[in-house]
Asker: 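Got a structure for you, questions after.
Proteins come first, then strands; the chains are lettered A, B, ... in the order of their sequence lines, and each starts at number 1. No experiment lies behind these values; they were computed from the predicted model shown.
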Protein chains: 2
Amino acid sequence: MNIQLHNKKEAIFESTLHLIYEYGFRGTPMSQIANHANVATGTIYHYFASKDELILELFKYCREQTNEHIFSVDKNLPYKERFFFIWKRLVAYYLDHKEIFRFVEQFYSSPYFAIMQSSQDPSYYGVDKLHQFFEEGAKSGIIREMNFPTIVSVYIGPATSYIKNISYGFCKMTDSDRDNIIEIIWNGVKK
Amino acid sequence: MNIQLHNKKEAIFESTLHLIYEYGFRGTPMSQIANHANVATGTIYHYFASKDELILELFKYCREQTNEHIFSVDKNLPYKERFFFIWKRLVAYYLDHKEIFRFVEQFYSSPYFAIMQSSQDPSYYGVDKLHQFFEEGAKSGIIREMNFPTIVSVYIGPATSYIKNISYGFCKMTDSDRDNIIEIIWNGVKK
DNA sequence: TGCAACCGAATGAACATTCAATTGCACAAC
DNA sequence: GTTGTGCAATTGAATGTTCATTCGGTTGCA
């Protein structure tokens, strides 16, 4: 029974993700989501109070999924290696999960994000992790002192930009491109 | 008459921009756009065949506006200074025109972008300019050799990331943050 | 006189949401 | 181990609203 429940909810999530990837927020009616997930329209409303809530929950779902995958690094590795590793991991994850990437991008630049910010717990697991990680680097004198938004812009910005370039078909991806980018970032921030 | 026409069309553009900034694609009906622009609903259809076309044209409009403002640099300045100047100009422009930034972001991560790509002339004025600019730097040995998507990711990525951070209220902006970021980028790519 | 610009009420389709009815299952009673 | 009971899960047709788009008509200018 619990498994059933879990399955359906997840099926709804995945279908929403898939359809939004293809048709955007505007282009994906609840009925289509239901179809694609092999449930009745009404069933969605058993799990979610409204379409907005579905979207909001889906965002949380995505964030959890992503965080789970990215921050599994061997703490014993030298800092520089972890710096490279996490970044590549992030890029690889989003390239493997384009629907998630696209959805999250859309979510951020939509009014949903404002809604979420105002009504949510601020438990940004991923952000916390990153914060710690950069602080560690700065404190041990490996990278420059920078405030958090600065380093985040420099570390994450090129990653999302690169993923967009690929995901929107501007260019092909090569490992050496990625190596280049993270190396450039490192050159920029190392002490 | 031509001035009238221009005025109304532009009023429609600006209203759309404003409303989409606040309510997103989904939340801005044609009737509202008309209201806000002080024209009748039907008038919009005199200028645009459909809502989709309005959005598509608005994107072109935004791109033109942006390009006009950014690439006015004194060619005689040393390369490094131009490298800094263009970047700051870009950031400043988007911070001054948050609606444009938000709209373009939304546009890119929506299916509209795919539509545009398939049916459009590939005259990316801004992209061409950038391409030339980076090539110049690489040829004269001032910055490293990189393929275009790589350097774009590293140059533009942090800019948009930073603008998002501010625009979504994650942090306040200071000039020194920006100075920091572009300096880091420069350290990363210089030879 | 003609045509482009403009108007805004009317139309119809698309869609989110509701709801009355059905199913399936856990658990208690016997 | 059979039957009964209640509640969660599920269904999908019906409802009502919200729009994009249309259109017949008006205005104003060349």
Side-chain angles (χ1 to χ4, degrees), chain A residues 1-59 61 103 106-107 110-112 115-116 119, chain B residues 1-59 61 103 106-107 110-116 119:
Chain A
M1 185 266 281
N2 245 327
I3 291 161
Q4 259 303 310
L5 182 150
H6 208 245
N7 275 349
K8 294 243 157 139
K9 205 170 173 182
E10 214 159 274
I12 293 167
F13 277 152
E14 293 298 334
S15 297
T16 309
L17 224 36
H18 178 83
L19 290 168
I20 284 184
Y21 179 71
E22 197 127 7
Y23 307 109
F25 282 145
R26 283 198 68 206
T28 73
M30 294 297 255
S31 55
Q32 295 275 345
I33 296 173
N35 263 5
H36 191 275
N38 280 317
V39 301
T41 314
T43 304
I44 300 181
Y45 287 87
H46 178 69
Y47 293 103
F48 307 97
S50 66
K51 193 177 182 182
D52 280 359
E53 203 183 289
L54 165 59
I55 302 284
L56 254 19
E57 296 257 335
L58 178 55
F59 179 71
Y61 173 79
F103 169 72
Q106 250 175 283
F107 186 90
S110 76
Y112 283 116
I115 297 169
M116 206 217 60
S119 67
Chain B
M1 184 266 281
N2 242 328
I3 291 161
Q4 259 303 311
L5 181 152
H6 207 244
N7 275 347
K8 293 245 157 137
K9 204 169 174 182
E10 213 159 274
I12 293 167
F13 276 152
E14 294 298 334
S15 297
T16 309
L17 224 36
H18 178 82
L19 291 167
I20 284 184
Y21 179 71
E22 198 128 7
Y23 307 110
F25 281 145
R26 284 198 67 206
T28 72
M30 293 298 255
S31 54
Q32 296 275 346
I33 295 173
N35 263 5
H36 191 276
N38 280 315
V39 299
T41 314
T43 303
I44 300 181
Y45 287 87
H46 178 68
Y47 293 104
F48 307 99
S50 67
K51 193 178 183 182
D52 280 359
E53 203 184 289
L54 166 58
I55 302 284
L56 255 18
E57 297 257 334
L58 178 54
F59 179 71
Y61 172 79
F103 169 71
Q106 249 174 285
F107 185 90
S110 77
Y112 283 116
F113 183 60
I115 297 169
M116 206 216 58
S119 66

Asker: Is B/Ser15 reaching over with its side chain to a backbone N or O of B/Ile12, donor-acceptor style, under 3.5 angstrom?
Answerer: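 Judged by distance alone, no pair lies under 3.5 Å.
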
Asker: Judged by each residue's nearest nucleotide on DNA chain C, which is more toward the 5′ side, B/Ala40 or A/Ser50?
Answerer: B/Ala40

Asker: Can you check side chain to side chain contact (heavy atoms under 4.5 Å, CB included) on B/Glu14 and B/Tyr61, steps first, answer last?
Answerer: CA-CA 10 Å; B/Glu14 294 298 334; B/Tyr61 172 79; 2.7 Å; yes

Asker: Name the closest nucleotide to the A/Val39 side chain, picking from D/dT11, C/dC7, C/dA5.
Answerer: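 Nearest listed nucleotide: D/dT11.
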
Asker: Would you tell me if any nitrogen or oxygen in the side chain of A/His46 comes within less than 4.0 Å of OP1 or OP2 on D/dA9?
Answerer: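 Checking A/His46 against D/dA9: at least one side-chain N or O falls below 4.0 Å of OP1 or OP2.
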
Asker: Distance check needed: C/dA16 C1' versus A/Glu53 CD, whole Å only.
Answerer: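 Atom CD in A/Glu53 sits about 14 Å away from atom C1' in C/dA16.
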
Asker: Starting the side chain at C-beta, find the nucleotide from D/dA20, D/dA9, D/dG12 nearest to A/Thr41.
Answerer: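 Looking only at side-chain atoms, A/Thr41 lies closest to D/dG12.
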
Asker: Can you check the B/Phe48 CZ to C/dC6 P distance for me, whole Å?
Answerer: 12 Å

Asker: Can you tell which of D/dA8, D/dA20, C/dA5 lies closest to the side chain of B/Tyr45?
Answerer: D/dA20

Asker: What integer distance in Å separates A/Met30:CE from D/dG12:C1'?
Answerer: 14 Å

Asker: Between A/Gly42 and A/Arg26, just flag the one whose closest nucleotide in DNA chain D comes earlier from the 5' side.
Answerer: A/Gly42

Asker: Which sits closer to the 5' end of DNA chain D, B/Ser31 or A/Asn38, going by the nucleotide each is nearest to?
Answerer: A/Asn38

Asker: Which nucleotide, D/dT10, C/dA16, C/dC6, lies nearest any side-chain atom of B/Tyr47?
Answerer: C/dC6

Asker: Can you check the A/Ile55 CD1 to C/dA16 P distance for me, whole Å?
Answerer: 10 Å

Asker: Measure from CG on A/Asp52 to P on C/dC15 and round the result to the nearest Å.
Answerer: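 For the pair A/Asp52 CG and C/dC15 P, the rounded distance is 16 Å.
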
Asker: With the criterion being N/O to N/O and under 3.5 Å, what pairs connect the protein with nucleotides 24-26 of chain D, and how long is each?
Answerer:
none

Asker: A/Lys8 versus A/His46: any side-chain heavy-atom pair under 4.5 Å?
Answerer: no

Asker: Distance check needed: D/dC29 P versus B/Lys8 NZ, whole Å only.
Answerer: 12 Å

Asker: If every non-hydrogen atom of B/Ile20 is compared with every non-hydrogen atom of B/Thr28, which pair is closest and at what distance?
Answerer: N-CG2, 3.6 Å

Asker: Between A/Tyr112 and A/Phe107, how do the two ring planes meet: parallel, tilted or perpendicular, split at 30° and 60°?
Answerer: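 The rings of A/Tyr112 and A/Phe107 lie parallel, inter-plane angle below 30°.
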
Asker: Provide, to the nearest angstrom, the distance between the CG atom belonging to B/Asn35 and the P atom belonging to C/dC7.
Answerer: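 From B/Asn35 CG to C/dC7 P: 12 Å.
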
Asker: Measure from OH on B/Tyr23 to P on D/dC19 and round the result to the nearest Å.
Answerer: 12 Å

Asker: Which heavy atom of B/Pro111 sits nearest a heavy atom of A/Gly24, and at what distance?
Answerer: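 The pair with the smallest heavy-atom distance is CG-N, 3.5 Å.
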
Asker: Which is it for A/Phe13 and A/Phe48 under the ring pair (Phe, Tyr, Trp, His ring centres under 6.0 Å) test, yes or no, and what are the steps along the way?
Answerer: CA-CA 11 Å; A/Phe13 277 152; A/Phe48 307 97; 5.5 Å; yes

